[in-house]
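Computed from heavy atoms alone, side chains included, the values below leave out hydrogens, waters and symmetry copies.
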Amino acid sequence: MNHNLTFYIVDVFAESKYAGNPLAVVRGAAGLSTEQMQRIALEMNYSETTFILSDEEREGGYDVRIFTTSDELPFAGHPTLGTAYILQREIVQTAFEQIVLNLKVGPIPVTFTYQDGQPDVLWMHTQPPTFGAVAETAAVAAALGITVEEVDTRFPAQVVSIGVPFLIVPLRTLEAVKRARVQVEQYLAVGQQVGARWMLFFCSQTYAPENQLNARMIAVDNGIPWEDPATGSANGCLAAYLAYQRYFGSEQVEARVEQGYEIKRPSLLRLRAWPEGETFSISVGGRVFMVAEGRLV
């Protein structure tokens, strides 16, 4: 494979370099086939790799595709923000308020704030959420290797989607979140029952007092559990869940969520949700840091 493409490595939902969730962004990928993109994503070996097809806008946005090491995703949070950061910094090179990424799920706007002329917090505005099946408490507890009493039964464990469905599970304590260990067979069974491939679990106790929630997202792929340090799509679903269930006593949500502490990649995600008609508007924000640039040959 000889394409001589530029690629960038960034940390997303990070408060400093080498925190948050790392991402590879490949520029000028229009000439690549789907199979070639998939192979590059596997070689990069990050949870996701994005491909900017062209430096030129099309229909008001930039065409971007997102791949894991094994398949293509219609939408994912930290790839959306990380790619928008590269578009602003490396391609457009102008301070602007908003940019649109044309993803498989549809156009996703990203809004920029700036500090000292440099991008500060980026906000992505997601597709409207949909709400799905509710999982049984005992099944969820067994899937996470915790007791039924550690699940916060004031609220249901429910599937929410903003493009990718997640099962959102409220737990009672930070200790329960820390101790959770995915039991693969039970985890897969719950996911099949409710129609969600992945699960995010959270509580209102935190490591840092300025944050409102602590969360973890552990997935199972090919029978192997893996944990994400920061998951924008899952946290977008969490924002919708918090509003829908009135977790904080209101349909208006503004929260800071810490994630990734257990795997030594502390991350910070900012969530906003508010009612709009019969659904909710959802925004997920965070900072991005440039780590490296190279050529892919």
Asks: Please check if F67 and I86 belong to a single hydrophobic cluster, counting links between Ile, Leu, Val, Met, Phe, Trp and Tyr side chain heavy atoms closer than 4.5 Å.
Replies: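 They do not share one cluster, since no chain of ILVMFWY contacts under 4.5 Å joins F67 to I86.
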Asks: Could you grab the distance from atom OG1 of T49 to atom CG of L42, nearest 0.5 Å is fine?
Replies: 9.5 Å
Asks: Identify every side-chain donor-acceptor pair in residues 122-142 under 3.5 Å, counting partners at least two apart or on other chains, and give the distances.
Replies:
unit_1, atom_1, unit_2, atom_2, d
H125, ND1, S283, OG, 2.7
H125, NE2, T111, OG1, 2.7

Asks: Which pairs, with at least one residue in residues 153-169 and sequence neighbours excluded, count as a salt bridge (Lys or Arg N to Asp or Glu O under 4.0 Å)?
Replies: D152-R154
Asks: Looking only at non-hydrogen atoms, find the nearest pair between V284 and G232 and report the distance.
Replies: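 Answer, listing the atom of V284 first, then G232: CG2-O, 3.9 Å.
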Asks: Are any of the side-chain heavy atoms of M199 and Y187 separated by less than 4.5 Å?
Replies: yes
Asks: If you count the non-hydrogen atoms of other residues, nucleotides and ligands that lie under 6.0 Å from CD in E57, is the total more than 12?
Replies: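 Yes.
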Asks: Could you tell me whether R197 and D221 make a salt bridge, using a distance below 4.0 angstrom between a side-chain N and a carboxylate O?
Replies: yes
Asks: Would you mind listing the cluster partners of Y261? Hydrophobic ones only (ILVMFWY), side-chain contacts under 4.5 Å, chaining allowed.
Replies: L174, Y207
Asks: Give a yes or no on whether V288 and Y18 share a hydrophobic cluster (residues Ile, Leu, Val, Met, Phe, Trp, Tyr; joining criterion: side-chain heavy atoms under 4.5 Å apart).
Replies: no
Asks: So, using salt bridge (Lys or Arg N to Asp or Glu O under 4.0 Å) as the criterion, who are the partners of R89 when residues are at least two apart?
Replies: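 Applying salt bridge (Lys or Arg N to Asp or Glu O under 4.0 Å) to R89 gives none.
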Asks: Please name the pair of heavy atoms, one in I146 and one in E150, separated by the smallest distance, quoted to 0.1 Å.
Replies: CB-OE1, 3.1 Å
Asks: Could you tell me which residues satisfy salt bridge (Lys or Arg N to Asp or Glu O under 4.0 Å) with E293, sequence neighbours excluded, listed by chain and number?
Replies: none
Asks: Does the side chain of I9 reach to within under 4.5 Å of the side chain of Y46, using non-hydrogen atoms?
Replies: yes
Asks: When you check the gap from the basic side-chain N to the acidic O, do E43 and R39 get nearer than 4.0 Å?
Replies: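 Salt bridge: yes.
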Asks: Under a plain distance cut-off of 3.5 Å, with no hydrogens placed, do R65 and T34 share a side-chain donor-acceptor pair?
Replies: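 Yes, because at least one side-chain N or O of T34 sits under 3.5 Å from a partner of the opposite role on R65.
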Asks: Check the pair V257 / F202 against side-chain contact (heavy atoms from CB on, under 4.5 Å), numbers first and verdict last.
Replies: CA-CA 9 Å; V257 181; F202 74 98; over 6 Å; no
Asks: Mind checking whether M290 and E90 have side chains closer than 4.5 Å, heavy atoms only?
Replies: yes
Asks: Whether the side chain of Q38 engages the backbone of D71 through a donor-acceptor N/O pair (distance < 3.5 Å, no angle test) should be reported.
Replies: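 The answer is yes, because a donor-acceptor pair under 3.5 Å joins these two groups.
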Asks: Where is the tightest heavy-atom contact between P119 and Q88, given as atom of each residue plus distance?
Replies: CG-OE1, 3.3 Å
Asks: Could you give me the CA-CA distance, side-chain angles and deciding distance for W226 and M217, then say whether side-chain contact (heavy atoms from CB on, under 4.5 Å) is met?
Replies: CA-CA 9 Å; W226 58 272; M217 199 290 284; 4.1 Å; yes
Asks: Could you state the interatomic distance from CZ (F75) to OG (S233), rounded to the nearest 0.5 Å?
Replies: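 Going from CZ on F75 over to OG on S233, the span is 6.0 Å.
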Asks: Checking R216 side chain against K178 main chain: does a donor-acceptor pair fall under 3.5 Å?
Replies: yes
Asks: Same cluster for L53 and L101 if Ile/Leu/Val/Met/Phe/Trp/Tyr side chains link at under 4.5 Å?
Replies: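 No.
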Asks: Running the 4.5 Å side-chain criterion over Ile, Leu, Val, Met, Phe, Trp and Tyr, what cluster does I263 land in, apart from itself?
Replies: none
Asks: Got Y85 and T83 here, is their nearest side-chain heavy-atom distance under 4.5 Å?
Replies: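 Side-chain contact under 4.5 Å: no.
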Asks: For a side chain to side chain donor-acceptor pair (under 3.5 Å) with Q259, tell me which candidate from N235, N21, N211 qualifies.
Replies: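 Between Q259 and the candidates, side chain to side chain donor-acceptor pair (under 3.5 Å) is satisfied uniquely by N235.
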Asks: Under 3.5 Å, which donor-acceptor pairs do the side chains of residues 25-32 form with other protein atoms, sequence neighbours left out?
Replies:
unit_1, atom_1, unit_2, atom_2, d
R27, NE, D55, OD1, 3.2
R27, NE, D55, OD2, 3.2
R27, NH1, Y8, OH, 3.1
R27, NH2, D55, OD2, 2.8

Asks: Could you walk me through whether L200 and L167 satisfy the side-chain contact (heavy atoms from CB on, under 4.5 Å) test, starting with their C-alpha distance in whole Å, then the side-chain angles of each, then the deciding distance to 0.1 Å, before giving a yes or no?
Replies: CA-CA 6 Å; L200 178 141; L167 180 62; over 6 Å; no
Asks: Quick one: are L296 and I40 in side-chain contact, heavy atoms under 4.5 Å?
Replies: yes
Asks: Could you tell me which non-hydrogen atom of T94 sits nearest to which non-hydrogen atom of F96, and how far apart they are?
Replies: O-CD2, 3.0 Å
Asks: Output yes when a side-chain donor or acceptor of T113 lies under 3.5 Å from a complementary backbone atom of V121, and no otherwise.
Replies: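 Yes; judged by distance alone, with no hydrogens or angles, the pair exists.
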Asks: In a table with atom names and distances, give each donor-acceptor pair under 3.5 Å that connects a side chain of residues 238-253 to protein atoms at least two apart or in another chain.
Replies:
unit_1, atom_1, unit_2, atom_2, d
Y241, OH, P156, O, 2.5
Q245, NE2, Q158, OE1, 2.9
S250, OG, Q252, N, 2.9

Asks: With no hydrogens and no angle check, is any side-chain donor or acceptor of H78 less than 3.5 Å from a backbone partner on P22?
Replies: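 The answer is yes, because a donor-acceptor pair under 3.5 Å joins these two groups.
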Asks: Rounded at 0.5 Å granularity, tell me how far OG in S16 sits from CZ in F289.
Replies: 6.5 Å
Asks: Please report the interatomic distance CG(D228) to OG(S47), rounded to the nearest 0.5 Å.
Replies: 4.5 Å
Asks: May I ask you to test the R272-I282 pair for a side-chain heavy-atom distance under 4.5 Å?
Replies: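 Counting from C-beta outward, R272 and I282 never come under 4.5 Å.
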Asks: If we only count heavy atoms from C-beta on, is the Q98 to F112 side-chain gap below 4.5 Å?
Replies: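 Side-chain contact under 4.5 Å: no.
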Asks: Between T231 (side chain) and A234 (backbone), is there a donor-acceptor pair under 3.5 Å?
Replies: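 Between the backbone of A234 and the side chain of T231 there is no qualifying donor-acceptor contact (under 3.5 Å).
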Asks: Which is it for L23 and T50 under the side-chain contact (heavy atoms from CB on, under 4.5 Å) test, yes or no, and what are the steps along the way?
Replies: CA-CA 8 Å; L23 172 74; T50 64; 4.1 Å; yes
Asks: Can you name the residues that form a ring-ring contact (aromatic ring centres under 6.0 Å, His included) with Y62, not counting sequence neighbours?
Replies: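 Expected list: none.
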Asks: Just to verify, which of E15, E258, E254 counts as forming a salt bridge (charged side-chain N to carboxylate O under 4.0 Å, His left out) with R270?
Replies: E15
Asks: Under the rule for side-chain hydrogen bond (donor to acceptor under 3.5 Å, both in side chains), what residues qualify as partners of S281, not counting sequence neighbours?
Replies: E276
Asks: Please give me the minimum heavy-atom distance between P165 and V159, naming the atom from each residue.
Replies: CB-CG1, 3.9 Å
Asks: Is any side-chain heavy atom of V64 closer than 4.5 Å to a side-chain heavy atom of F51?
Replies: no
Asks: Tell me every residue that passes salt bridge (Lys or Arg N to Asp or Glu O under 4.0 Å) with D11, counting only those two or more places apart in sequence or in another chain.
Replies: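 Salt bridge (Lys or Arg N to Asp or Glu O under 4.0 Å) list for D11, sorted by chain: R265.
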Asks: Taking a hydrophobic cluster as the set of Ile, Leu, Val, Met, Phe, Trp and Tyr residues connected by side-chain heavy atoms closer than 4.5 Å, whether directly or through intermediates, do L81 and I91 fall within one such cluster?
Replies: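 L81 and I91: one cluster.
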Asks: Verify the neighbour count for atom CD of E210: are there more than 12 heavy atoms of other residues, nucleotides or ligands below 6.0 Å?
Replies: yes
Asks: Do you know which two heavy atoms are closest between F201 and A180, and how far apart they sit?
Replies: CE1-CB, 3.5 Å
Asks: Once salt bridge (Lys or Arg N to Asp or Glu O under 4.0 Å) is applied, do any residues pair with R181, and if so which ones, sequence neighbours excluded?
Replies: none
Asks: For the hydrophobic clusters of this structure (ILVMFWY residues joined by side-chain heavy atoms under 4.5 Å, transitively), does one cluster hold both L271 and W274?
Replies: no
